[in-house]
Amino acid sequence: MQPLISSEPPRPPATSRCDVGLVFALSFESGAFADCLANRVNFKTAAFTLTSGWLQGRKITMLNSGAGCEAASQATETLIAGHRPAWLISCGFAGGLQPELRRNDRLLANAVGRAGAAEIGDIPITLPEKLARFLESAAVHRGKILTGDKIVNRAADKRLLGQRSGALAVDMETLAVAEVCQRLAQPLISIRVISDAMDDELPADLDRLMSRTSGAQRFGAAMGALFHRPSSIKDLWKLHETAIEASTRLAKFLVEAIVQLVPRDSAESRPD
């Protein structure tokens with residue numbers, strides 16, 4: 001499967017190989033995990049923010065790509081080219097498509113496909129044996145996820161998408177990350193936390209907010225939503241609280257997975 005974009009991405013200065021690279025979409029997904037890193041160093045471009053640090057002796061490089069497949073594809077190429085991670089994790093929030101997935105549930109994908117395009121083959125995501133054994137005793141959902149071009153706001157649409165595809169959840173980036181990793185033979189896993197369950201309705205303004213790349217733009221979009229629909233302030237505040245909880249849950253899951261994924265004796269072996 002061809003990558004979604006092929007243009008040369010901007011690259012940060014070359015660095016030594018990292019143990020794990022992580023691609024998030026937005027800072028409210030990655031914030032709690034970033035707080036877990038020691039000796040953090042940030043690198044900013046016009047497109048994204050990249051952060052390197054240490055997690056229990058493992059060298060970590062993470063970035064916020066921005067929402068959507070094009071941004072995620074470019075960020076993944078940049079991360080692989082500049083930091084050569086032993087493992088790459090596509091991570092963030094996802095919407096539940098099956099009734100058994102509740103808000104803040106943890107999900108580790110074994111395949112990813114495109115929402116609404118059943119004729120396109122899925123990309124399998126194979127877990128290393130040690131991580132798979134660890135997850136057998138953990139409360140983690142395993143299954144297929146979908147990647148779509150926009151947020152699935154309505155509960156009825158999520159329910160229908162789940163019924164048609166059999167997938168557990170939907171996001172906006174994992175397929176793009178998987179396509180780049182497949183092309184470059186980069187080991188990948190996908191870790192998501194369910195931010196909205198199948199029956200949860202999301203505000204209609206959310207797509208516009210998610211499409212903004214900067215804090216100032218998102219603030220402007222939020223102010224526009226409030227002007228046109230004053231009642232949206234309750235929805236936006238609820239989303240803020242939900243995001244904080246989901247980010248904390250995601251960070252804990254990522255730490256657990258990385259410790260299993262990269263044994264200390266095979267890590268870069270630098271102290272925190």
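All values below were derived from every heavy atom in this structure, side-chain atoms included, with hydrogens, water molecules and symmetry-related copies excluded.
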inquiry  = I'd like to know whether Asp199 forms a side-chain contact (heavy atoms from CB on, under 4.5 Å) with Arg159, so could you lay out the CA-CA distance, the side-chain angles of the two residues, the decisive distance to 0.1 Å, and finally the verdict.
reply    = CA-CA 8 Å; Asp199 291 328; Arg159 190 177 302 111; 2.6 Å; yes
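- Within the 4.5 Å cutoff, no side-chain heavy atoms of Asp19 are placed close to those of Ile258.
- A continuous path of hydrophobic side-chain contacts links Val177 to Leu184 [ILVMFWY only; heavy atoms under 4.5 Å].
- Here the closest non-hydrogen pair linking Ala169 and Ala94 is CB-CB, 4.0 Å.
- No side-chain heavy atom of Ser90 sits under 4.5 Å from any side-chain heavy atom of Phe24.
- Distance check: Leu37 CG to Lys59 NZ gives 12.5 Å after rounding to the nearest 0.5 Å.
- Residues passing the side chain to side chain contact (heavy atoms under 4.5 Å, CB included) test with Asp157, sequence neighbours excluded: Val152, Arg154.
- For Glu256, the side chain to side chain contact (heavy atoms under 4.5 Å, CB included) partners are Arg106, Phe134, Lys252, Phe253, not counting sequence neighbours.
- The distance from atom OG1 of Thr147 to atom CD of Glu179, rounded to the nearest 0.5 Å, is 8.5 Å.
- Of the possible polar contacts, none joining the Thr49 side chain to the Lys44 backbone as a donor-acceptor pair under 3.5 Å is found.
- Under the 4.5 Å side-chain criterion, counting only non-hydrogen atoms from C-beta, Ile151 is in contact with Met172.
- Scanning for salt bridge (Lys or Arg N to Asp or Glu O under 4.0 Å) contacts around Arg164 gives an empty result, with sequence neighbours left out.
- Atom CZ of Phe48 sits about 7.0 Å away from atom CZ of Phe43, to the nearest 0.5 Å.
- Transitive grouping of hydrophobic side chains (ILVMFWY, heavy atoms separated by less than 4.5 Å) keeps Met198 and Val170 in distinct clusters.
- Looking only at side-chain heavy atoms (C-beta outward), Asn110 and Leu127 stay at 4.5 Å or farther from each other.
- Leu22 and Val140 fall within the same hydrophobic cluster, where Ile, Leu, Val, Met, Phe, Trp and Tyr residues are linked whenever their side-chain heavy atoms come under 4.5 Å apart, directly or through other members.
- Side-chain contact check for Leu161 versus Leu146: some heavy-atom pair is nearer than 4.5 Å.
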**Item:** Val23 vs Leu79, side-chain contact (heavy atoms from CB on, under 4.5 Å): CA-CA, chis, key distance, verdict
**Value:** CA-CA 8 Å; Val23 178; Leu79 182 54; 3.9 Å; yes
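- Take Ala109 and apply the side chain to side chain contact (heavy atoms under 4.5 Å, CB included) test, not counting sequence neighbours, and it matches Ile125, Ile145, Ser190.
- In terms of the salt bridge (Lys or Arg N to Asp or Glu O under 4.0 Å) criterion, residue partners of Asp200 (sequence neighbours excluded) are, by chain and number, Arg103.
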- Might you work through the side-chain contact (heavy atoms from CB on, under 4.5 Å) test for Glu201 and Asn153, ending with a clear yes or no? CA-CA 6 Å; Glu201 295 277 349; Asn153 300 74; 5.8 Å; no
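- Distance check: Leu63 CG to Thr76 OG1 gives 7.0 Å after rounding to the nearest 0.5 Å.
- Side-chain N or O atoms of Gln186 include none that pairs as donor or acceptor with a backbone N or O of Ala178 at under 3.5 Å.
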**Request:** Could you walk me through whether Leu261 and Arg58 pass the side-chain contact (heavy atoms from CB on, under 4.5 Å) test, one step at a time?
**Result:** CA-CA 10 Å; Leu261 191 66; Arg58 296 154 178 89; over 6 Å; no
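- With Thr248 contributing its side chain and Ile244 its backbone, the two residues share a donor-acceptor pair below 3.5 Å.
- Interatomic distance, Glu29 CD to Arg192 CZ, rounded to the nearest 0.5 Å: 6.5 Å.
- Ala71 and Ala67 get closest at one heavy-atom pair: CB-O, 3.9 Å.
- Between Gly31 and Ser247, the shortest heavy-atom contact is N-OG, 4.0 Å.
- Contact check on Asp196 versus Lys158 returns a salt bridge, with a Lys/Arg side-chain nitrogen under 4.0 Å from an Asp/Glu carboxylate oxygen.
- Using a 4.5 Å heavy-atom threshold, the side chains of Asn64 and Phe28 count as separate.
- In this structure, Asp105 and Ile194 have side chains that are in contact, with non-hydrogen atoms separated by less than 4.5 Å.
- The two residues Thr61 and Ser52 make their nearest non-hydrogen contact at OG1-OG, 3.3 Å.
- Note that the OG atom of Ser65 and the CD atom of Glu70 stand 11.0 Å from one another [nearest 0.5 Å].
- Residues Phe33 and Val255 are in side-chain contact: their nearest non-hydrogen atoms beyond the backbone lie under 4.5 Å apart.
- A pairwise comparison of heavy atoms in Cys69 and Ala176 identifies O-CB, 3.4 Å as the closest pair.
- Evaluation of the side chain to side chain contact (heavy atoms under 4.5 Å, CB included) rule for Gln98 yields Glu100, Leu101, Leu168 as partners, not counting sequence neighbours.
- The two residues Pro85 and Gly21 have their closest heavy-atom pair at CB-N, 3.5 Å.
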